[in-house]
Amino acid sequence: MMFQSLRVRGLVLKNRVVISPMCQHAAVAGRATSWHLVHLGKFALGGAGLILTESTAVDPRGRIGTADLGLWNDEQVEQLKAVVDFVHANGSAIGVQLAHAGRKAGSQPLWEGGAALGEAQLAADAEPWQRLGPSALPAGPGWSAPEVLDEAGIADVVDRFVQATRRADAAGVDVVELHFGHGYLVASFLSPAANQRADRWGGDLQGRMRLALEIATKVRAAWPDAKPLFCRLSAVDGTLDGWSLDDSVVLSRELVRCGVDVIDCSSGGLTEETRALPVPRGLGFQVPFSERIRREAQVLTQAVGMIVDARQAEDVLLEGKADLIAIGREALFDPYWAHHAAESLGADPAYVRWPERHGVWLAKRAPGLAHARAEADEPPRQRQPRTIGDSR
């Protein structure tokens, strides 16, 4: 099933393998670089049906890190289009994940520790920073309190998502994914642990969902009707008495009414405080979120999180727990994961799914490799000694 095509609006994905967004912190002033061409391009060579960019900022103030991708100005379109064109030329679709980091704006890359940037570091950056949120509550120890968004500020955020969507279309992107998870701006509005407003953007569930639904509605109107709209949620936000799976089901139903086609089911990220309620990270630990949202909200879902081998992924699809399988770190470990999965499931015995510049050589090697493996499995007493020139 993983290698059956899937139509979502006017887009036909050649298979159900999706490369999950992975922060690379390799952009220059928000512009894609040769790193992105190689990083994302290799997954197209590797056979994935859809490749999602890292979190791409709609506002320089709302970057996760200094060197994040962005679509906050028109100058960032051309370099992204070069990546899009390469992915298309090699048979895959590509999507961009649009995000505003909100009160979690400004942090180090993971390999530098991942901590929040201090005020001096924020001030020293060439691009402006400003942590924004629904209430003046910091994201956790080490984070400064965000500036509380007023009506004008909220309208500006919504418009920035819309303008970034138009730029994504200009770059030729196939899918827009709205990042409403992991404690970033929209997720902080959703959670009662972060949103303590008493106006129409807070309070009860409907008020806390208002920003998400406003963005989804206006992005859908700006995005071509034939192109799919995805949304990533933290199905649970990781806090006690915070955003719940029940809430995610309700929100997913509303997002479908706004024109969202796929819910990408992640979890956690609202805060790093010790009172957080963690989700145990076993194999496929977020698949149950995908299964329930798919069933109860009647929407296509994308499962992600510790999905590591082909049979595991295939079973998720066969059991109706998701429609798409997203892999991230496993794709870093094996960029050709999709091709290897197809081979192991018997969906590509002759390397025809591989790029022709690769597949023809692998097919040529296959008979000799099979013979060598069979010979290696023979009991030693059955092996015949070789002489010089023996070409077996």
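Position 1 is the first residue of the sequence, and the numbers go up from there.
- Under 4.0 Å is where a charged nitrogen must lie from a carboxylate oxygen, and between Glu147 and Arg61 no such pair does.
- Ion pair Arg197/Asp199 flagged as a salt bridge, since at least one NZ, NE, NH1 or NH2 atom sits closer than 4.0 Å to an Asp/Glu carboxylate oxygen.
- Note on Arg9 versus Asp261: salt bridge recorded, some NZ/NE/NH1/NH2 to OD/OE distance being below 4.0 Å.
- Looking only at atom types and distance, the side chain of Gln97 has no donor-acceptor partner in the side chain of Glu54 under 3.5 Å away.
- The side-chain hydrogen bond (donor to acceptor under 3.5 Å, both in side chains) with Ser266 is formed by just one residue from the set Arg232, His179, His182; it is His182.
- Closest of all the heavy-atom pairs between Leu50 and Val175 is CD1-CG2, 4.1 Å.
- In this structure, Arg167 contributes its side chain and Leu71 its backbone to a donor-acceptor pair below 3.5 Å.
- Using a 4.5 Å heavy-atom threshold, the side chains of Leu69 and Val96 count as separate.
- Checked for salt-bridge contact, Asp159 and Lys218 miss the test: no charged N lies under 4.0 Å from a carboxylate O.
- The neighbour count for Arg329 CZ, taken as heavy atoms of other residues, nucleotides or ligands under 6.0 Å away, does not exceed 12.
- Val18 and Val173 fall into different hydrophobic clusters, where Ile, Leu, Val, Met, Phe, Trp and Tyr residues are linked whenever their side-chain heavy atoms come under 4.5 Å apart, directly or through other members.
- Ring pair Phe161/Phe180 is perpendicular by interplanar angle, where above 60° counts as perpendicular and below 30° as parallel.
- Minimum heavy-atom separation, Ser252 to Ala297: CB-CB, 3.8 Å.
- Between Asp204 and Arg208, none of the side-chain N atoms (NZ, or NE/NH1/NH2) sits under 4.0 Å from a carboxylate O, so this pair counts as no salt bridge.
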*Audit row: Trp354, His340, ring-ring contact (aromatic ring centres under 6.0 Å, His included) steps and yes/no*: CA-CA 10 Å; Trp354 288 69; His340 292 145; 5.7 Å; yes
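- A salt bridge between Arg292 and Asp246 is present, with a side-chain N of the basic residue lying under 4.0 Å from a carboxylate O of the acidic one.
- In terms of the side-chain hydrogen bond (donor to acceptor under 3.5 Å, both in side chains) criterion, residue partners of Gln24 (sequence neighbours excluded) are, by chain and number, Trp35.
- When hydrophobic clusters are built by joining Ile, Leu, Val, Met, Phe, Trp and Tyr residues whose side-chain heavy atoms come closer than 4.5 Å, directly or via intermediates, Leu332 is grouped together with Ile307.
- Using a cut-off of 4.0 Å between Lys/Arg side-chain N and Asp/Glu carboxylate O, Glu254 and Arg257 are scored as salt-bridged.
- Defined by atom type and a distance below 3.5 Å, a donor-acceptor pair is present between the side-chain atoms of Trp243 and Ser248.
- The side-chain tip of Arg103 does not point at the ring of Trp143 from less than 6.0 angstrom away and within 45° of straight on.
- A distance of 11.0 Å separates CG of Leu190 from OG of Ser244, quoted to the nearest 0.5 Å.
- Leu317 and Trp337 end up in the same hydrophobic cluster when Ile, Leu, Val, Met, Phe, Trp and Tyr side chains are linked at under 4.5 Å.
- Geometrically, Lys227 engages Trp223 in a cation-pi contact, judged by NZ or CZ lying under 6.0 Å from the ring centre and within 45° of the ring axis.
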